[in-house]
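Read the structure below first, then the notes.
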2 protein chains.
Amino acid sequence: MPASQHTNPKTDIQIAQEAIKRPIMELAKEKLGIAPENLDPYGHYKAKVSMDYVKSLKDKPNGKLILVSAISPTPAGEGKTTTTVGLTDALNHIGKKAMLCLREPSLGPSFGMKGGAAGGGYAQVVPMEDINLHFTGDFHAIGAAHNLLSALIDNHIYWGNALGIDGRRVAWRRAIDMNDRSLRQMVSSLGGVANGFPREDGFDITVASEVMAIFCLAKDLEDLKTRLGNIIVAYTRDRKPVRAADLKAHGPMAVLLKDALAPNLVQTLEGTPAFIHGGPFANIAHGCNSVLATTTALKLADYVVTEAGFGADLGGEKFIDIKCRKTGLKPDAVVLVATIRALKMHGGVKKEDLKTENLKALEVGMSNLQRHVENVQKFGLVPVVSINRFSADTDAEIALVKSACAKLGVEAVMADHWAEGGKGAADVARAVVKAVDSGKSNMKLLYPDDMPLVEKIRTIAKEIYRARDIAIAKPVQDQLASFEAMGFGKVPVCIAKTQYSFSTNPDSKAAPNDHVVTVREVRLSAGAEFVVAVCGDIMTMPGLPKVPAANSIDIGPDGKIVGLF
Amino acid sequence: MPASQHTNPKTDIQIAQEAIKRPIMELAKEKLGIAPENLDPYGHYKAKVSMDYVKSLKDKPNGKLILVSAISPTPAGEGKTTTTVGLTDALNHIGKKAMLCLREPSLGPSFGMKGGAAGGGYAQVVPMEDINLHFTGDFHAIGAAHNLLSALIDNHIYWGNALGIDGRRVAWRRAIDMNDRSLRQMVSSLGGVANGFPREDGFDITVASEVMAIFCLAKDLEDLKTRLGNIIVAYTRDRKPVRAADLKAHGPMAVLLKDALAPNLVQTLEGTPAFIHGGPFANIAHGCNSVLATTTALKLADYVVTEAGFGADLGGEKFIDIKCRKTGLKPDAVVLVATIRALKMHGGVKKEDLKTENLKALEVGMSNLQRHVENVQKFGLVPVVSINRFSADTDAEIALVKSACAKLGVEAVMADHWAEGGKGAADVARAVVKAVDSGKSNMKLLYPDDMPLVEKIRTIAKEIYRARDIAIAKPVQDQLASFEAMGFGKVPVCIAKTQYSFSTNPDSKAAPNDHVVTVREVRLSAGAEFVVAVCGDIMTMPGLPKVPAANSIDIGPDGKIVGLF
């Protein structure tokens, strides 16, 4: 029996720090055929692929796209990113030419809770410290572009407000990549005439910025600029929208994002090329890495593995209905990640009892996985189930999962890339190749563009969450009608709700039915081109815990970091 | 007669965009003997010199240090940075091995007023667009470190406030690299229990952060961390200081600054190596590039040219009494930059009349230059006067300046690097080499460490600004006494006052006498290790003008930036 997540004595950062990394220029040349002049290095192990090179790939054929998604998350952890990394290493291990695309992690949370976002164990992307800190500066650039727009709004009001912005109806907050609850709500422009007109304001964490969502959906620099110009920043007293373009903000914002827009190339511990680029929130945004990274990777590799945020009901649905809808991307297979531990939690087992075999609870919990499988099939896609192995998993439990999946016509495969790297996920890789080669995936969108917005929300709630219906108050319906009147009736909807349940109650595990999804509020992301339906408490600025991770993060005189992850 | 600042038809950005740049790894190897493995590239034309390599230079002999300073600035412009660049190119032009050290420009102001901070004409540092935008991300890192500390303060209060921080006595604001007047003064933590305890707060521009000053004064990573830990962030109700180290913030802050701390290498248009690193405000901080850049450059070149902010009375004095005091650096010559236009403005000529010969006004204005010359000599240093040529300068005017300088025993040389690059400043370079070779510079600090703080302020006011005295109210004196009681009596003082005059009245041109310098307020920068004496209106968060530069900044689909500078 291989080592497992319980027996491996090394921490993620130890493994990452001990890794022998290949110079990224060499790796890019050898594995992807990209010449050094088409890369902008950031140190020796990170590089951006130049936008000119990206454009030059336009007419090359596309590789196959594999979407990694998961069951509804639990505190037991599922390992979706780890699987994305391990599976791609495994595809290379079995002789395929594969690369992966991930989201960039946010810097702020690194100082709150321990735990990075670059995989784990022997399925990691490196240099992990850089990736989890400033990386290539993309998020700082996104924050700067966001805050330039904020400054231009208040500056416009200050100097006479020719556009007639209603200070009570400014829809654009400020952004910072830090967990800082004290910035959630504030009154700004205090201190008298020289500082402007006082108004209510606040900061969101940078990943929650609409600039981030736009950055990740933009097809190229021009599309980026157009979308930035379309952002609705405020309304006038008579409720006419004011756009970023009205403030001439989109040009300088695009200038600030010019370098960031090029995909970031790094490598896995096994030397597999990886794009890590963009990282929008998965609740008020769509939660996938940049379109540019995914479309570029498809030109460079035969198999491209990418992931979506949260479970398949949220991130998976948004991947298809938001990211694929506008770009023509179509997955050729979907991997659903689960663990036996997490399925048992869905079956009602407490965290402290997870090491004990419990087939009954597992059977109950399987309903969660089964529903995600059905949902994936509803999109016309072929799912493969990948179970991250833990040492407490029993043979009977494994057999139960496999046979339940088989009944749905789906292959469930055990994976141990965490302990073994790519070869630990070789069976998953083979199952995925089989699913892709079957050619049976034929992606269908869940709803057409011209369905009314409220019906789009209802369709997702009923078809994917299996709700009885949605509840939506008259003022919220009116708001949707006003978005339609403004010409935004054809955009997709992005549901912001708890990721822990199919329902809006995070404690409702497994596969709840007959619930009602209440739409509390709707917001228009006119630049990103979607309408957000808020169906729960959504926090766009996290706080730090009582004992933040920062307390144990330190650096020696030699520059070695300790305590980070 | 050579081309001049009036006849050259190209803008700075055009010249910079047309420049043929050498790959920075090649240039570093050839001109400085630095191997690629000792550099971290950021694209092909920027690199950071690794800290291990910096340390390895410890025992090498130092080159000669040349400080570029200037007369009291006027709206006519003096061209200090341009001279720093041009002189260094000129030193190489006459066969010396020279490099330069500059401050990094702040990003925020790029969107306010037009004009970059990487030199001008044919005396520029490139890639100028990068340098003026995100560059290598140093300022973003400094902002993140600053704001992590801010978040940890409020988080500490939120979770029980074990240290007893008085929310009314928080001395640490927030930072952002943007011109945003609406963030100057605010009330944060609104919105109820979950968001903390409401209090007054505000943002400064990142260059005004004490983290920036510390970053620029730190000798190495360990010194940086110690100084960060010493920052006083707040006081308790009984006025005991609370330090960043009490919040365990200095470790993670240093982690965020680890990469930024390495000096940034770029090149001039003529391929001269240049460090551009750090950029503290010249009013509430000391206004020089990082100590690490300067000390490293001295190991790599025979002549190192660097500049200080504002005129010689402010930036020059701080360079010596703050930067040199703690590091042992000593300039071997000082270049004082002036223009005949600016001297005429000091003599009372209006901007629109500057093109007319006016020997009388010039003679009056010369008093400003003369006093700066005397001040430099007071520090035991040999000055050279470098006059940036404009096409309206007449022979009689030039003769007047030269003969007035000769009377002070100082060589005044005409410079035309703006139009001609290094060869345009060859005479300045020869004069500088002569001054350095004379060996007559023998730097003396203006005051000893153990002079009382109030006397240090008085000494600068009387000796350098030629004030009759200082005026300092009892509460401000008490504050200074309390700093001394806390153990900060031995630190230097950093005067924050208008740069436009020797007095505190910006309209008092030339060489005012007999004025009184009122010390309004004093602040302790315990990490940076100086006391700031505020003697005027000091703005630590600029605003944007009515028609901000942002309005005309744009980018084409090919990624070409227009309207920036």
Side-chain angles (χ1 to χ4, degrees), chain A residues 40-44 51 107 111 133-134 137 140-141 144 147-148 150-152 154-155 158-159 176-191 194-196 201 220-222 225 248-249 251-252 254-256 258-259 543-544 546 548 550-551 553-555 557 559 561 563-564, chain B residues 40-44 51 107 111 133-134 137 140-141 144 147-148 150-152 154-155 158-159 176-191 194-196 201 220-222 225 248-249 251-252 254-256 258-259 543-544 546 548 550-551 553-555 557 559 561 563-564:
Chain A
D40 278 316
Y42 283 69
H44 296 279
M51 292 300 286
L107 185 154
F111 299 98
L133 293 170
H134 307 291
H140 290 311
N147 291 321
L148 173 61
S150 310
L152 289 170
D154 282 301
N155 194 57
Y158 178 84
W159 286 107
I176 191 169
D177 195 0
M178 198 54 68
N179 287 22
D180 193 345
R181 67 171 67 73
S182 63
L183 292 175
R184 282 176 193 151
Q185 229 172 298
M186 66 194 209
V187 173
S188 59
S189 296
L190 294 172
N195 298 349
D201 196 1
D220 52 34
L221 186 59
E222 222 175 338
K225 204 172 90 178
K248 297 184 185 167
V255 166
L256 284 168
K258 168 181 84 90
D259 293 338
L544 292 168
K546 183 164 188 179
N551 281 14
I553 293 172
D554 204 357
I555 188 164
I561 295 172
L564 188 67
Chain B
D40 279 315
Y42 282 69
H44 296 279
M51 291 301 286
L107 184 155
F111 299 98
L133 293 171
H134 307 292
H140 290 312
N147 291 321
L148 173 61
S150 309
L152 288 169
D154 282 302
N155 194 56
Y158 179 83
W159 286 106
I176 191 168
D177 194 1
M178 198 55 68
N179 287 20
D180 194 345
R181 67 171 66 75
S182 63
L183 292 175
R184 283 177 192 149
Q185 228 171 300
M186 65 193 209
V187 174
S188 58
S189 296
L190 294 172
N195 298 351
D201 197 1
D220 52 33
L221 186 59
E222 223 175 338
K225 205 172 90 179
K248 296 184 185 167
V255 166
L256 284 168
K258 170 180 83 89
D259 293 338
L544 292 169
K546 184 163 187 179
N551 281 13
I553 294 173
D554 203 357
I555 187 165
I561 295 172
L564 188 67

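In what follows, every chain begins at residue 1, and chains take the letters A, B, ... in the order their sequences are listed.
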Heavy-atom pairs under 4.5 Å with chain A are the metric here; pick the option from [options] that has the most.
{"options": "B:Asp154, B:Asp177, B:Asn195", "answer": "B:Asn195"}
{"options": "B:Gln185, B:Lys248, B:Met178", "answer": "B:Gln185"}
{"options": "B:Ser182, B:Gly251, B:Ser189", "answer": "B:Ser182"}
{"options": "B:Ser188, B:Gly191, B:Pro252", "answer": "B:Pro252"}

I need the residue from [options] with the largest number of non-hydrogen atom pairs under 4.5 Å to chain B.
{"options": "A:Asn147, A:Asp259, A:Asn179", "result": "A:Asn147"}
{"options": "A:Gly543, A:Ala254, A:Ala194, A:Gly137", "result": "A:Ala194"}
{"options": "A:Ile561, A:Ile176, A:Ile555", "result": "A:Ile555"}
{"options": "A:Glu222, A:Lys258, A:His44, A:Lys225", "result": "A:His44"}
{"options": "A:Ser150, A:Ala249, A:Pro557, A:Gly196", "result": "A:Pro557"}

Identify which part of [X] has an atom lying under 4.5 Å from any heavy atom of chain B, answering side chain, backbone, both or neither.
{"X": "A:Asp201", "answer": "neither"}
{"X": "A:Phe111", "answer": "side chain"}
{"X": "A:Pro548", "answer": "side chain"}
{"X": "A:His134", "answer": "side chain"}
{"X": "A:Lys546", "answer": "both"}
{"X": "A:Asn551", "answer": "both"}
{"X": "A:Leu221", "answer": "side chain"}
{"X": "A:Met51", "answer": "neither"}

Between B:Gly563 and B:Ile553, what is the shortest heavy-atom contact and its length?
-> O-CG1, 3.5 Å
With a 4.5 angstrom heavy-atom cut-off, which part of B:Leu256 approaches chain A: side chain, backbone, both or neither?
-> both
